[in-house]
Asker: 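The structure under discussion is supplied below as structure tokens; questions concerning it will follow.
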Amino acid sequence: MKTELTDSPEIAAQFIRAGGIVAFPTETVYGLGADVFNEAAVGKIFRAKRRPADNPLIAHIGDLAQIARLTPGVPRQARLFIEAFFPGPLTLVLTRAANVPLVAAAGLDTIGVRMPRSNLANAFLRACGTPVVAPSANLSGKPSPTTWQAVREDLDGSIDCILQGEATEIGLESTVVDCTGSVPVVLRAGAVSIESLKDVVPDTRVFQLVDEEVSRSPGMRHKHYAPNAAVVLVDSPSKIIETARAAFIGLARLHASLDRSLVCESVEDYARNLFAFFRDCDNAGVRTIYCQTVAETGLGAALMDRLRRAAAR
Ligand code: TXA
Ligand code: MG
């Protein structure tokens, strides 16, 4: 299959309406989308990404009115989050409407819903005229793509179209909050911080891995965010042992001489650059990536979550 490259949201949306799959930018990472109501198209996403069928997809909307097509009812706490954070980097897990195909939800009775705030994503989703389910547009197990070039590296020839936008603004995937229980539960940290969620719903708690909950977010069982290189977390670059084929990313200046290093200006800058740095290191044959740890507040909690997953591989 030839993968069409375009910067036109209308052209990209035509592929969705014709039952195809399209990669598109959001403020978090690039997604790989299909019409949520077209089962055959949704199936193509799982095949192109080589994604396990038990990992559910997020439905992206361009218009708040589309929520009613995805869920039979929005609970009060979810409504508060929608008012405070939509459009934005937040996914709410809600009860799935009966007409949403099982394949999109990986067999669950819930569906993740998110309204991106990036202008290009919004123009694309509006032109599609239907909610678009989309996981990150990487091959399963690879770091999420933050540029259209990274999407092409993973998926050229196996998807219909790439909507070309800028490098993504945030660089880490959305915060995922399960709103189907009595209190909201954060399943994945992201740019909408735990502190800001608690400001809106003080009872919000963070998912802790205990046995009864293991099946709550199937994606958590799967490997994520991992480069091929080994990731080693260090609290200071002074701890780094100089070796061949090593790299560093963090906030403090590095004195060791390594093949590659990226000293970031802020936690935001670090988050924005992390996944592209992982990909660059893999392409350059780096074997060990030293990543500096950061304080776990605000976006720092999401960044540390991704760093730990990459290191735990
Ligand atoms: O920022 C993002 O969320 C990006 C952009 C494209 O929107 N998307 C993204 O999708 O990261 P994905 O599929 O790579 O990650 C979605 C995560 C997975 O861990 C998945 O298991 C979880 O959200 N998830 C999705 N639907 C769920 C549901 N109904 N219940 C529990 N977890 C769900
Ligand atoms: Mg993903």
Side-chain angles (χ1 to χ4, degrees), residues 21-34 36 42 45-46 48-62 70-71 78 85-97 100-118 120-122 124-125 131-146 150-151 154-155 163 165 168-181 184-192 207 213-226 271 275 302 305-306 309-310:
I21 55 175
V22 174
F24 64 98
T26 78
E27 68 276 19
T28 58
V29 299
Y30 276 70
L32 176 61
V36 63
V42 176
I45 292 178
F46 285 89
K49 277 188 60 108
R50 294 182 223 136
R51 181 177 177 102
D54 64 351
N55 197 356
L57 306 180
I58 295 169
H60 296 70
I61 56 173
L70 298 167
T71 182
F85 303 112
F86 274 27
L90 177 66
T91 297
L92 300 178
V93 173
L94 303 170
T95 303
R96 179 176 55 84
V100 173
L102 270 179
V103 55
L108 300 176
D109 55 9
T110 57
I111 182 85
V113 178
R114 163 160 133 75
M115 183 176 192
R117 71 167 178 231
S118 122
L120 193 52
N122 199 262
F124 166 70
L125 292 167
V132 169
V133 272
S136 51
N138 50 287
L139 283 174
S140 207
K142 291 249 241 155
S144 294
T146 54
V151 175
D154 278 13
L155 297 173
L163 176 57
T168 58
E169 172 201 337
I170 295 168
L172 302 180
E173 306 86 347
S174 63
T175 307
V176 179
V177 183
D178 184 346
C179 295
T180 60
V185 180
V186 179
L187 302 180
R188 180 174 73 183
V192 173
F207 174 86
E213 285 182 318
V214 167
S215 62
R216 207 71 178 267
S217 184
M220 291 185 140
R221 288 198 304 269
H222 300 290
K223 282 185 181 169
H224 263 123
Y225 322 115
F275 290 154
D305 169 71
R306 305 311 189 272
R309 286 170 194 267

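All residue numbers in this chain count up from 1 along the given sequence. Both ligands and their constituent atoms are indexed starting at 1 by order of listing. Being a predicted model, the structure only gives us computed values, none of them experimental.
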Asker: Check whether any heavy atom of H60 sits under 4.0 Å from an atom of ligand 1.
Answerer: yes

Asker: H60 and ring-ring contact (aromatic ring centres under 6.0 Å, His included): which partner among Y30, F124, F24?
Answerer: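 So, applying the ring-ring contact (aromatic ring centres under 6.0 Å, His included) to H60 and each of Y30, F124, F24, only F24 qualifies.
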
Asker: Please list, in number order, the atoms of ligand 1 under 4.0 Å from a heavy atom of P135.
Answerer: 10 (O), 12 (P), 13 (O)

Asker: Decide whether T91 and S174 meet the rule of one side-chain donor and one side-chain acceptor closer than 3.5 Å.
Answerer: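 There is such a pair between these side chains.
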
Asker: Taking 2.8 Å as the cut-off, does S136 contribute an N, O or S atom near the Mg ion (ligand 2), distance below it?
Answerer: yes

Asker: What pair of heavy atoms forms the shortest contact from L57 to R51, and how long is it?
Answerer: CD2-NE, 3.5 Å

Asker: Applying a heavy-atom cut-off of 4.0 Å, say which part of R96 lies close to ligand 1: side chain, backbone, both or neither.
Answerer: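 Within the 4.0 Å criterion, R96 makes no contact with ligand 1.
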
Asker: Under 3.5 Å, N or O to N or O, is R51 touching ligand 1 that way?
Answerer: yes

Asker: If you measure from atom 29 (N) of ligand 1 to every heavy atom of L187, L94, T110, which option wins on shortest distance?
Answerer: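 Selected option, by shortest heavy-atom distance: T110.
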
Asker: Can you tell me how far apart CD1 (I61) and CZ (F86) are? Round to the nearest 0.5 Å.
Answerer: 5.5 Å

Asker: Of the non-hydrogen atoms in P89 and A191, which two are nearest, and what is the gap between them?
Answerer: CG-CB, 3.8 Å

Asker: How far apart are the C-alpha atoms of T175 and V186, what are their side-chain angles, what is the distance that settles it, and do they pass the side chain to side chain contact (heavy atoms under 4.5 Å, CB included) test?
Answerer: CA-CA 7 Å; T175 307; V186 179; 4.2 Å; yes

Asker: Out of P56, S136, S144, A191, who gets a non-hydrogen atom closest to atom 26 (N) of ligand 1?
Answerer: P56

Asker: Quick check for you: to the nearest 0.5 Å, what is the distance between I45 atom CD1 and L155 atom CG?
Answerer: 10.5 Å

Asker: Within the 4.0 Å heavy-atom shell around E173, which atoms of ligand 1 are there?
Answerer: 1 (O), 2 (C), 11 (O)

Asker: What about K49: any of its N or O atoms under 3.5 Å from an N or O on ligand 1?
Answerer: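 Not met; the criterion fails.
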
Asker: What about Y30: any of its N or O atoms under 3.5 Å from an N or O on ligand 1?
Answerer: no

Asker: Can you sort out which atoms of ligand 1 are near T28, meaning under 4.0 Å from one of its heavy atoms?
Answerer: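 Matching atoms, with element in brackets: 1 (O), 2 (C), 4 (C), 5 (C).
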
Asker: Which heavy atom in S118 sits nearest to a heavy atom in P25, and how many Å separate them?
Answerer: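 Smallest interatomic distance, heavy atoms only, reads OG-O, 3.9 Å.
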
Asker: Find all atoms of ligand 1 within a distance of less than 4.0 Å from any non-hydrogen atom belonging to G31, and give their numbers and elements.
Answerer: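 Numbered from 1, ligand 1 contributes 6 (C).
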
